There are 2 protein chains.
Amino acid sequence: MAARTSSKTSESSDKVSVICRALRRAIIEQALEPGAKLPEDALGERFGVSRTIARHALGQLAAEGLVELRRNRIAVVATPSWQEARDAFDIRIELERLVVRQLAGKLTKAQIAELNAHVDAEDRARGGTDAVSIRLATEFHILLAHMTNSPILVRYVSEVAYRCCLTLSLYSRPHSTECAINEHRAIISALAKGDEAKVMDLMHHHLDSVANRALVAPTPQRGRDLLDILAPYADEVTSDRVVKLPKVARRG
Amino acid sequence: MAARTSSKTSESSDKVSVICRALRRAIIEQALEPGAKLPEDALGERFGVSRTIARHALGQLAAEGLVELRRNRIAVVATPSWQEARDAFDIRIELERLVVRQLAGKLTKAQIAELNAHVDAEDRARGGTDAVSIRLATEFHILLAHMTNSPILVRYVSEVAYRCCLTLSLYSRPHSTECAINEHRAIISALAKGDEAKVMDLMHHHLDSVANRALVAPTPQRGRDLLDILAPYADEVTSDRVVKLPKVARRG
DNA sequence: TGGCCCCAAACTGCATGCAATTGGAGCGCG
DNA sequence: CGCGCTCCAATTGCATGCAGTTTGGGGCCA
């Protein structure tokens, strides 16, 4: 039996959704770097909508973890800590193992062709920018998730994959995408053969190696932000106005 | 080393967040059944805020999958299909295995005490309503997730657990909570002993049995809603105004 | 009785306006 | 030169208003 067919989980065409999609893409392509400010008016003006709508969109993206929203402060693109990045990859591994487990041996010829076509596109994009390569690689995984036709799984895989994308811009060394592409091909092939155990293993190691290539070393003090380092100490403080830091290394 | 300590992932105290929490709780306690209407004005009036805020809250809950939002229509509490319910449980199993894997052997005495205290509370609540038992059982799992101190994991486990709660009100037979409580105790004990493999297995079977007790039979036609049954047929129709059904069994 | 149409009420989609909060530039002082 | 203070522009939090869409019920006709 083929993996379940069709569905219309596509985001509706609200103005809100349009802005969300645009911002999501800008973020994962690193046009908007972590920490970048996202003022409501500016967004509204840029997209030709009112602040209300921009605000709502930011709320949605915050729910996805791509944007950080602090009361009375300008929204910024999320800056996950190194630990959060690692956690995201751990979760992603489990979710995507689930994806390929459900898919193994159940793909139609058309679906396999679609996957191959996508990887071909990744191949052709090797000359282009890193950002595009990363986006395409991510979309491969999301495409897989879609084929399970489980809306929930699609949502979670997408979200966590986007978050991982985000961390790449923070902690990644310039990386070679070639092996990733080969690993994608291997996964397709194992899926087609229906070798469930093998494909789960392939996916596991694929993501693990991406994570290891990307998240260079725990480097205890390499946290981008002084505030992160001090966070655990601040926990002890009961006052609401925690500690007045001298102004250093303000991002933005 | 103890599982990572503390964090402040608690939702901020916006009016929006307040409404979200209230609705979430009402939904998982089944005060609001799946399909229940949630008009913006009514919510706004009830909580003493404007429609704008109520609307924003609904947006957040929709992002969590607890509410269904269709353009120009009244928001309703989500009505997951049987398949979606099953998918949610599958995801939940993987996520919670991850939780206990991270926690095995790393809990402080205080944390173990906290877990035991919670299960004691579950025990005491056995006399009360089903809704409360279900909520407490769910909160046990979320408490575990919190102890990983991974905000992402907390978010996903919470969300998926709430979704599972939601499905219980749809497909569950009146169930005995006793075995679940015992299973919770067994999990705590295995966590304390640090038996990683065992606790992962316990969690797996615990959730699997909850799912099997809850999701009674695929019962092909027992779907609550005629529209769900007809959905695959509607896929063939190209017209936008799909099929004009005679008015039957309108929920609401 | 049963089906169809039309219209008013109900409701959502979105923009705008006002009050409250923030942060950072400018200024004075040690 | 650095530190702290004040004050104002920038920005958010939220309510309200208007226009467009959906709902559902009464009346009309068969």
Side-chain angles (χ1 to χ4, degrees), chain A residues 11-23 35-63 67-78 225-227 239-252, chain B residues 11-23 35-63 67-78 225 227 240-252:
Chain A
E11 217 163 3
S12 64
S13 62
D14 288 7
K15 301 197 178 183
V16 172
S17 315
V18 173
I19 298 181
C20 280
R21 271 194 293 272
L23 287 181
K37 292 181 181 176
L38 302 169
E40 296 173 1
D41 326 355
L43 291 179
E45 192 178 358
R46 183 70 191 76
F47 288 101
V49 300
S50 83
R51 219 158 51 75
T52 309
I53 304 307
R55 180 182 183 72
H56 201 96
L58 287 173
Q60 296 294 304
L61 292 173
V67 160
E68 275 168 24
L69 230 43
R70 273 148 53 209
R71 189 179 171 90
N72 282 320
R73 289 210 171 67
I74 300 182
V76 295
V77 176
D225 201 301
L226 179 59
L227 292 164
S239 151
D240 42 351
R241 281 214 155 248
V242 187
V243 173
K244 218 155 196 176
L245 294 170
K247 34 184 121 174
V248 279
R250 268 290 144 73
R251 53 177 133 107
Chain B
E11 218 163 3
S12 64
S13 61
D14 288 10
K15 301 197 179 185
V16 173
S17 314
V18 173
I19 298 181
C20 280
R21 271 194 294 272
L23 287 181
K37 292 181 180 175
L38 301 169
E40 295 173 0
D41 322 348
L43 291 179
E45 192 178 358
R46 183 69 191 77
F47 288 100
V49 300
S50 82
R51 219 159 50 76
T52 308
I53 304 307
R55 180 182 184 73
H56 200 94
L58 288 173
Q60 296 295 304
L61 293 173
V67 161
E68 275 168 24
L69 231 42
R70 272 150 48 205
R71 190 179 170 88
N72 281 322
R73 293 216 166 66
I74 300 182
V76 295
V77 176
D225 202 302
L227 292 164
D240 43 351
R241 282 213 155 251
V242 187
V243 172
K244 221 154 194 179
L245 295 170
K247 32 185 121 170
V248 278
R250 269 288 143 73
R251 56 175 132 106

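Protein chains get the first letters and strands the later ones, always in sequence-line order, with residue 1 at the start of each. Given the structure is predicted, the values throughout are model-derived calculations rather than measurements. All values below come from the heavy atoms of this structure, side chains included, with hydrogens, waters and symmetry mates left out.
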Participant: Checking side-chain contact (heavy atoms from CB on, under 4.5 Å) between B/Glu68 and each of B/Val76, B/Leu61, B/Ile74, B/Leu38, which is the one that passes?
Facilitator: B/Val76
Participant: Nearest whole angstrom, please: distance from the P of C/dG13 to the CD1 of A/Ile53.
Facilitator: 9 Å
Participant: Just N and O in the side chain of A/Arg73: are any of them under 4.0 Å from OP1 or OP2 of C/dG23?
Facilitator: yes
Participant: What is the distance, rounded to the nearest whole Å, between atom CD of A/Glu45 and atom C1' of D/dT11?
Facilitator: 14 Å
Participant: Starting the side chain at C-beta, find the nucleotide from C/dG13, C/dT12, D/dC14 nearest to B/Pro39.
Facilitator: C/dT12
Participant: Nearest whole angstrom, please: distance from the P of C/dG13 to the CD of A/Gln60.
Facilitator: 12 Å
Participant: Among D/dG13, D/dA15, C/dA15, which nucleotide sits nearest the side chain of B/Ser50?
Facilitator: D/dA15
Participant: Take the protein atom CG of B/Leu58 and the nucleotide atom P of C/dC11, then report the distance between them rounded to whole Å.
Facilitator: 13 Å
Participant: Can you tell me if A/Gln60 uses its side chain to pair, donor with acceptor, with the backbone of A/Ser17 under 3.5 Å?
Facilitator: no
Participant: Any idea which heavy atoms bring A/Ala54 and A/Val49 closest together, and the distance?
Facilitator: N-CG2, 4.3 Å
Participant: Can you find a donor-acceptor pair, distance only, under 3.5 Å between A/Arg51 side chain and C/dG17 base?
Facilitator: yes
Participant: How do B/Leu38 and A/Thr52 order along DNA chain C: which one's closest nucleotide is nearer the 5' end?
Facilitator: B/Leu38
Participant: Out of D/dG13, C/dG13, D/dT12, which has the shortest distance to the side chain of A/Arg71?
Facilitator: D/dG13
Participant: B/Lys37 NZ to C/dA9 P: how many Å, rounded?
Facilitator: 18 Å
Participant: Considering non-hydrogen atoms only, spot the tightest contact between A/Leu69 and A/Gly59 and give its length.
Facilitator: CD2-CA, 4.0 Å
Participant: What's the closest nucleotide to the side chain of B/Asp41 if the choices are D/dG13, C/dA15, C/dC11?
Facilitator: C/dC11
Participant: To the nearest angstrom, how far is A/Lys15 atom NZ from C/dT12 atom P?
Facilitator: 18 Å
Participant: Between C/dC11 atom P and B/Arg70 atom CZ, what is the distance in whole Å?
Facilitator: 16 Å
Participant: Starting at CG of A/Asp41, measure out to OG of A/Ser50 and round the result to the nearest 0.5 Å.
Facilitator: 10.5 Å
Participant: What is the separation between atom CG on B/Asn72 and atom P on C/dC14, rounded to the nearest whole Å?
Facilitator: 9 Å
